[in-house]
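None of the values given here were measured: they were computed from a predicted structure. All chains are named by letter (A, B, ...) in the order of the sequence lines, taking the proteins before the strands, and each is independently numbered beginning at 1. For the numbers below, each heavy atom of this structure counts, side chains included, while hydrogens, waters and symmetry mates do not.
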Protein chains: 2
Amino acid sequence: MPNKEPPAAAGAELPDAAAPVRRMRGGPKGLRITDVAAQAGVAPITVSRVFNSPETVAPETLERVRQVVQKLGYVPNRLAGGLSSSRSRLIAAIVPTIAHSLFSETIQVFSETMSRAGYQVLLALSGYDDSSEEVLLDAVLSRRPEGVLLTGVAHTDSLRERLANVGIPIVETWDMTDRPIDMLVGFSHYQIGVAVAEHFLQRNVRKPGLVSANDERALARRRGFRERLAQAGISGIAEVLVAPPSSVALGKAALPRLIEQAPDIDAVFCGSDLLAIGTLNAARQMGLSVPSRLAICGFGDLEFATETTPQLTSVHVDGTRIGVTAARCLLDRLSGSGQSKVTDVGFEVVRRGSS
Amino acid sequence: MPNKEPPAAAGAELPDAAAPVRRMRGGPKGLRITDVAAQAGVAPITVSRVFNSPETVAPETLERVRQVVQKLGYVPNRLAGGLSSSRSRLIAAIVPTIAHSLFSETIQVFSETMSRAGYQVLLALSGYDDSSEEVLLDAVLSRRPEGVLLTGVAHTDSLRERLANVGIPIVETWDMTDRPIDMLVGFSHYQIGVAVAEHFLQRNVRKPGLVSANDERALARRRGFRERLAQAGISGIAEVLVAPPSSVALGKAALPRLIEQAPDIDAVFCGSDLLAIGTLNAARQMGLSVPSRLAICGFGDLEFATETTPQLTSVHVDGTRIGVTAARCLLDRLSGSGQSKVTDVGFEVVRRGSS
DNA sequence: CTGAAAGCGCTTACAG
DNA sequence: CTGAAAGCGCTTACAG
C-alpha cells in the first residue's frame, strides 16, 4: 500500500442533491502536494516552491514544509509537474545497443552529467534496424523530453525533419555530417577508414582485406579505407560483411572466408575490436603470425583490445569525452546560452604492437 | 516551431466581462488530442480510444482518426496520459554502471523485452556509492514507474522499506538473498566464491590470493572463497582490494602488491574479468607463466575474457537470461498474473585453458 | 514572501 | 460504439 490515509475529509460531507457527482477515480493513490500543504499549514503552491524555487520561500516556512515532506515521505509527481510546467526534466538517449558496446561509456558519463543537472535519461534502444525507428521516435516524443542524444546521425529524412521540428536541442554523436540536425559531437568514420589505409600503406601492406559489420558507420569506414587504397593503386579488396551487432565469433568465422577470396592477404581492417579479436584468434588457429604475416586493425574504445592483445592495432575513440561534451552541449542550450555547434573529437590509431 | 496552427478559435470570442480571466500559459505548445478530435469530427475520448483500446472503436472511425493523426503528426502526451490513468508505462532500471559492465547486456535485453510490451526504461545509474541512493530513489519514484529493476539487492533497510511500500513490482537481480523485497533473479556470489575455491583446491593450489573490488557483491564472493579455503586448512590469504569500478589497470597494479605479500602465490581469484586480464598482463611482464606458475580466475560474462585469453579461467553468468527473466517477472505481475518468486539462474566455472 | 484560481492534456466513470 | 463532465497532481500567472 503506497499510503495509509485517504485524503482528509473536512467533516461529514453529506451528498448534496444539487452538487455534481464527484467521480472517484481509483481511490487514494499516494500522497499529494495538498496533503503536505495541509499538514504544514501552507498553500500547495508554497510546497511546490519548496521543491522548485526554495530561495523564494521564507527560511522558517521552508524548514517546516521540509520536515512534513520528510515525515510523510512525500515524493512529488513529475508526471503532473511536467505536464503543468512543460518541463519534463527528461532527456532521451537513442542508442543502437548498449550491450558490449562502444556506446555504453558515452551513455554512462552522459547520464551522470545530466542527472547532476537535474535531468533523467530515458533509454531508447533502436537496434540496427531502421524499420521501427518511427515507432521508437513516437515512444520517445510521447514523453516530451527536453533534449535528445542520438548515437549516430539520423538516417532518414523523415526522422531528421521530425526531430528538427520538435524544437528541442538535439545532439548527434559518434559520427560526422555536413548537415547535422542541430548539434554534433563526433568524428568522421570515413576519415578513420582513410587513416587505417594510410597506416597499412606505411607498413607496406600489399594485399589488405576488410571485415566489417554492414551498419552505416562501419560502411563509411569501409568507404574511406577503399578509396584511400584505390588512390594508392590497390583495389579488388577482399572483404566479408557481417550483420551487426558484431562479435568475436563473427570475426573468427570471417577470416577463413577472407582467405578463400585472397590467400595472400597480409592485413585486415576489422570494423570493431570484437571482430578484430575474433580474427586474431582465427589467425592463431590457422598458424598465421600476427602482425608479421597478417596485420590486424580494430576499432573501438575498449581498453581490452589493445591491453590484452598487443599484436593488435586499433582505432581509439574517446567515448567518455563524447558523452561529457554532448551533455554540456544540451545543458548549455537548455539554460538558454549555447549555440548550435559541431565538435570533432577526433580519433587515434593506436599501435601497441608496432615494435 | 513544433506546430503551425494555434488551437482553432470557435468564431470571434469577445471577452465577456462576467467570465473569469483565461490565463495564457505559454501559448500553443503542440498538438493536443482535441486538435485531432476536431479535425476528425469526433470527441477527444474517441481519439484516446484509438490509441489505447482501438478494438472498441468502429473501423471507419478508427481509420478516419488515424489518418488525421498521421496527417497532423500528432504524438500523444504521456505525461498527461500517465497522470490521468496512473499508468506511466515507465519501468526504472537502477544500475551501478553500464560502462564496460556486466550489467549492460542485462539492461539491453531487459529494455528490449519491456519496450516490446509497451513500456519504456528510465535509466538510473547509482554508482557504487550508497550515499546518494535516497536522492536517486526520489528521482526515480517521482516518475511514478510501474516497476523497478535493481541490479543487486537493495542494501539499506530504509531503501528496502521505501521500495516495498510503493506497492509496485520490484525485481532484484545479479544477487541472491533470503529476504528479497519482492522478486529476484540472480545467483549467489557467496557460492561463486566457494566454487572458485573448490576449483583451485582440485588443481592443488597451495597459496591462493585474491584481487577484488570492495563492492558488496565482490565481497560476498570473497567471503565464500575464504571460508571454503579455510575449511581446507588454507588461511592467511594474500589479497588486494580495489575501489570499484574495477579495470584492467587496477588488476595490473594489484599483482605486484599481492606478490609482495606472498611471493610464493600460485593462484589468484580476481573479482572481475577486467581485473583478471590486468593481472594476466602483469604476470606476463613478470615472467610468470599462466596458468602453470600462476592460475588466474576471473568473473563476468564477457566473451572477451576467455576468447582472448585461453590461459584464464572465469566464472560465467548469463546476463541475457537475467534480463529476459526479470522482464518477464515484471510483465507477469503487471498483467495481474505472476507471483512473487525467486529464480536462481546459477553460474558456471569455465576453464578454457584447463588442458 | 504567500495564496486563490485556472489550466496543463489526457483518461475515468458514467450515460446513452 | 460514442460522448460530456470531472478529475489526475501539479505549476503558471497574477494579485496582494
Side-chain angles (χ1 to χ4, degrees), chain A residues 2-3 7 19-38 40-65 69 74-89 141-144, chain B residues 2-3 7 19-38 40-65 69 74-89 141-144:
Chain A
N3 55 330
V21 182
R22 160 121 190 190
R23 262 79 177 242
M24 296 284 18
R25 284 174 57 106
K29 268 172 308 203
L31 291 167
R32 295 147 305 170
I33 206 169
T34 49
D35 300 321
V36 176
V42 295
I45 182 61
T46 300
V47 179
S48 171
R49 287 187 183 114
V50 167
F51 283 100
N52 300 313
S53 51
E55 71 283 359
T56 69
V57 179
E60 287 169 25
T61 312
L62 197 61
E63 180 57 23
R64 185 154 35 97
V65 172
V69 167
Y74 169 71
V75 179
N77 183 331
R78 276 198 191 280
L79 296 175
L83 172 61
S84 187
S85 65
S86 299
R87 304 263 288 121
S88 66
R89 297 250 169 222
L141 294 181
S142 74
R143 304 290 175 181
R144 300 297 188 261
Chain B
N3 56 331
V21 182
R22 159 121 190 190
R23 262 81 177 241
M24 296 287 13
R25 284 175 56 106
K29 268 172 309 206
L31 291 167
R32 294 148 305 172
I33 206 170
T34 48
D35 299 322
V36 176
V42 295
I45 182 62
T46 300
V47 179
S48 171
R49 287 187 182 113
V50 168
F51 284 99
N52 301 312
S53 50
E55 70 284 359
T56 68
V57 178
E60 287 170 25
T61 312
L62 197 61
E63 180 58 23
R64 185 154 36 96
V65 172
V69 166
Y74 169 71
V75 178
N77 182 334
R78 276 199 191 280
L79 296 175
L83 172 61
S84 186
S85 65
S86 299
R87 304 261 289 121
S88 66
R89 297 251 170 220
L141 294 181
S142 74
R143 304 290 175 182
R144 300 297 187 262

Rounded interatomic separation in angstrom, taking CG from A:L83 and C1' from D:dG9: 9 Å

Is there a donor and acceptor pair, one atom on the side chain of B:T34 and one on the base of C:dG9, closer than 3.5 Å? no

B:S85 side-chain N/O to B:G81 backbone N/O, donor-acceptor pair under 3.5 Å: yes

OP1 or OP2 of C:dT2 under 4.0 Å from side-chain N/O of A:T46: no

Spacing between A:R144 atom CZ and D:dC10 atom C1', to the nearest angstrom: 17 Å

Write down the atom of B:A43, the atom of B:A37, and the distance for their closest heavy-atom approach. C-CB, 3.8 Å

To the closest 0.5 Å, what do you measure between OG (B:S84) and CG (B:N77)? 11.0 Å

When rounded to whole Å, the CD1 to C1' distance for the pair B:I45 and D:dG3 reads 8 Å

To the nearest 0.5 Å, what is the distance between CG on B:L83 and OG on B:S88? 11.0 Å

Expressed as a whole number of angstroms, how long is the span from A:L79:CG to C:dG9:C1'? 12 Å

Can you find a side chain N or O atom of B:Y74 that sits less than 4.0 Å from OP1 or OP2 on C:dC10? yes

Gap between atoms CZ and P, on B:R78 and D:dG9 respectively (whole Å): 19 Å

Give the dot-bracket string for DNA chain C, reading 5' to 3', where a pair is Watson-Crick or G-U wobble with both distances under 3.5 Å, ( ) marks pairs inside the strand, [ ] marks pairs crossing earlier ones, | marks a partner on another strand, and . marks unpaired. |||.||||||||.|||

Measure CD1/B:I33 against C1'/D:dC8 and give the value in whole Å, please. 15 Å

Answer with base, sugar-phosphate or nothing: what part of the nucleic acid does A:A43 contact at a heavy-atom distance below 4.0 Å? sugar-phosphate

A:L141 CG - C:dG9 C1' separation (whole Å): 16 Å

Short of 4.0 Å, heavy atom to strand atom, which residues of residues 49-58 of chain B count as contacting DNA chain D? B:R49, B:T56, B:V57, B:A58

Judged by nearest nucleotide, the residue sitting upstream toward the 5' end of DNA chain D, B:A80 or B:P44, is B:P44

Would you say the side-chain atoms of A:S142 pair up with the backbone N or O of B:R78, donor to acceptor, closer than 3.5 Å? no

Tell me, please, which residues at least two apart from B:T56 pass side-chain hydrogen bond (donor to acceptor under 3.5 Å, both in side chains). B:S53

What's the separation between atom CG in B:L141 and atom CZ in B:R143, rounded to the nearest 0.5 Å? 11.5 Å

Look up atom CD1 in A:I33 and atom OG1 in A:T46, then write down how far apart they are to the nearest 0.5 Å. 9.0 Å

Gap between atoms CZ and C1', on A:R87 and D:dC10 respectively (whole Å): 15 Å

B:R64 and B:V42: which non-hydrogen atoms are nearest, and at how many Å? NH1-CG1, 4.0 Å

Residue-phosphate contact under 4.0 Å: B:S84 side-chain N/O, C:dT12 OP1/OP2: no

